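A short write-up of the structure that comes next.
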Amino acid sequence: MYRELMEEIGLGQQDVEVIAESEDWYHYRLPKNLIRHRQKPLCIGQKQKWFLLKLTSHERKIRLQQEFEIPEFDSWRWISYWQPADEVVYFKKAVYKRMLKEFSAHL
């Protein structure tokens with residue numbers, strides 16, 4: 001989780017506090033029309049462990065542009081807690097809703 005945090009937004013372990021970790025792994029499958037059959041390794045979906053983090057350093061430490069990586073994101077913003085479930089791509093909606101419901105007990 002900390003490697004992903006550093007690669008994607010430039011934050012380290014010292015910049016966040018772990019509030020919660022998902023009890024289970026969350027799974028989703030890609031729709032058949034989105035599976036890239038010629039891509040190796042073949043990806044048919046994902047199995048994910050989720051974490052609820054609190055930013056403990058200043059938000060100006062968030063860096064989407066890394067010297068060694070092509071950025072995965074081009075911008076960021078603070079949003080309301082339930083908004084991701086409304087905006088995520090349709091085949092991930094169920095995972096997001098379950099995850100947000102699980103973590104809501106920690107708010």
Side-chain angles (χ1 to χ4, degrees):
M1 182 257 313
Y2 292 115
R3 180 185 57 80
E4 289 286 322
L5 194 64
M6 178 57 72
E7 285 179 9
E8 295 180 4
I9 63 172
L11 295 178
Q13 184 173 352
Q14 71 281 0
D15 299 311
V16 296
E17 175 187 341
V18 177
I19 304 297
E21 178 179 337
S22 60
E23 293 178 15
D24 294 314
W25 289 84
Y26 288 90
H27 304 82
Y28 71 83
R29 292 184 66 88
L30 289 170
K32 289 181 182 181
N33 65 316
L34 294 179
I35 296 174
R36 298 179 193 138
H37 292 281
R38 292 185 177 91
Q39 185 177 351
K40 301 293 181 208
L42 180 65
C43 177
I44 60 170
Q46 279 194 338
K47 175 181 175 182
Q48 303 169 326
K49 193 69 156 170
W50 285 74
F51 297 86
L52 179 63
L53 304 176
K54 177 182 179 179
L55 180 63
T56 57
S57 63
H58 196 280
E59 64 185 41
R60 73 174 154 254
K61 286 191 74 176
I62 297 171
R63 295 182 330 273
L64 304 182
Q65 302 288 332
Q66 305 295 320
E67 297 82 35
F68 51 90
E69 291 286 330
I70 297 171
E72 190 163 337
F73 305 103
D74 56 12
S75 66
W76 73 274
R77 68 186 195 277
W78 294 111
I79 60 172
S80 67
Y81 184 77
W82 294 100
Q83 192 172 341
D86 295 330
E87 295 185 7
V88 71
V89 66
Y90 70 94
F91 58 87
K92 295 181 183 180
K93 279 190 183 289
V95 167
Y96 273 60
K97 287 179 182 179
R98 288 193 342 257
M99 180 273 308
L100 288 167
K101 184 176 179 184
E102 178 183 336
F103 285 165
S104 69
H106 299 281
L107 300 180

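The first residue of the sequence shown is numbered 1, and numbering continues consecutively from there. Predicted model only: the values in this text are computed from it and were never measured.
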> Roughly how far, to the nearest 0.5 Å, is CD of Glu8 from CD1 of Ile62?
Replying inline: 12.5 Å
> Passes salt bridge (charged side-chain N to carboxylate O under 4.0 Å, His left out), Arg77 versus Glu87? Steps please.
Replying inline: CA-CA 14 Å; Arg77 68 186 195 277; Glu87 295 185 7; 3.6 Å; yes
> Between NZ of Lys93 and CG of Asp86, what distance do you get to the nearest 0.5 Å?
Replying inline: 6.0 Å
> Looking at Gly10 and Arg63, what are the two nearest heavy atoms and their distance?
Replying inline: O-NH1, 3.1 Å
> Under a 4.5 Å side-chain heavy-atom rule over Ile, Leu, Val, Met, Phe, Trp and Tyr, are Phe73 and Met6 clustered together?
Replying inline: no
> Given Asp15, which of His58, Lys54, Lys61 fulfils the side chain to side chain donor-acceptor pair (under 3.5 Å) condition?
Replying inline: Lys61
>> Please check if the number of heavy atoms outside Glu23 that lie under 6.0 Å from its CD is greater than 12.
In response: no
> Can Ile79 be reached from Val89 by stepping across I, L, V, M, F, W or Y side chains whose heavy atoms are under 4.5 Å apart?
Replying inline: no
> Should Ile44 and Arg29 be marked as a side-chain contact (heavy atoms from CB on, under 4.5 Å) after you check the CA-CA gap, both sets of side-chain angles, and the distance that decides it?
Replying inline: CA-CA 6 Å; Ile44 60 170; Arg29 292 184 66 88; 3.4 Å; yes
> Does Arg98 pair with Glu102 as a salt bridge, N-O distance under 4.0 Å?
Replying inline: no
> Could you state the interatomic distance from CG (Leu30) to CD1 (Ile35), rounded to the nearest 0.5 Å?
Replying inline: 6.0 Å
>> Students often mix this up, so state it plainly: with edges at 30° and 60°, are the rings of Phe91 and Tyr28 parallel, tilted or perpendicular?
In response: tilted
> Do Ser22 and Phe51 have side-chain heavy atoms sitting under 4.5 Å apart?
Replying inline: no
> Given Trp50 and Tyr96, is the ring pair (Phe, Tyr, Trp, His ring centres under 6.0 Å) satisfied, shown in steps?
Replying inline: CA-CA 10 Å; Trp50 285 74; Tyr96 273 60; 5.2 Å; yes
> Are any non-hydrogen side-chain atoms of Met1 and Leu53 less than 4.5 angstrom apart?
Replying inline: yes
>> Do Leu64 and Asp74 make a side-chain contact, defined as non-hydrogen atoms from C-beta onward lying under 4.5 Å apart?
In response: no
> From Ile9 CD1 over to Glu59 CD, what is the distance, rounded to the nearest 0.5 angstrom?
Replying inline: 11.5 Å
> Roughly how far, to the nearest 0.5 Å, is the CZ atom of Arg36 from the SG atom of Cys43?
Replying inline: 8.0 Å
> Hey, mind stepping through Val88 and Val95 against side-chain contact (heavy atoms from CB on, under 4.5 Å) and telling me if it holds?
Replying inline: CA-CA 10 Å; Val88 71; Val95 167; over 6 Å; no
>> In the structure I gave you, are the side-chain heavy atoms of Ile19 and Leu107 within less than 4.5 Å of one another anywhere?
In response: no
> Would Phe103 and Val18 show up in the same hydrophobic cluster when neighbours are defined by side-chain heavy atoms closer than 4.5 Å?
Replying inline: no
>> Within the supplied structure, the quantity of interest is the number of heavy atoms (other residues, nucleotides, ligands) at a distance under 6.0 Å from Lys49 NZ; does it exceed 12?
In response: yes
>> Hydrophobic clustering (ILVMFWY, side-chain heavy atoms < 4.5 Å, transitive) - are Met99 and Trp25 grouped together?
In response: no
>> Can you tell me how far apart OG1 (Thr56) and CD (Gln13) are? Round to the nearest 0.5 Å.
In response: 10.0 Å
>> If hydrophobic clusters are built from ILVMFWY residues whose side chains come within less than 4.5 Å, do Leu100 and Trp78 share one?
In response: no
> Passes side-chain contact (heavy atoms from CB on, under 4.5 Å), Val16 versus Tyr2? Steps please.
Replying inline: CA-CA 9 Å; Val16 296; Tyr2 292 115; 4.0 Å; yes
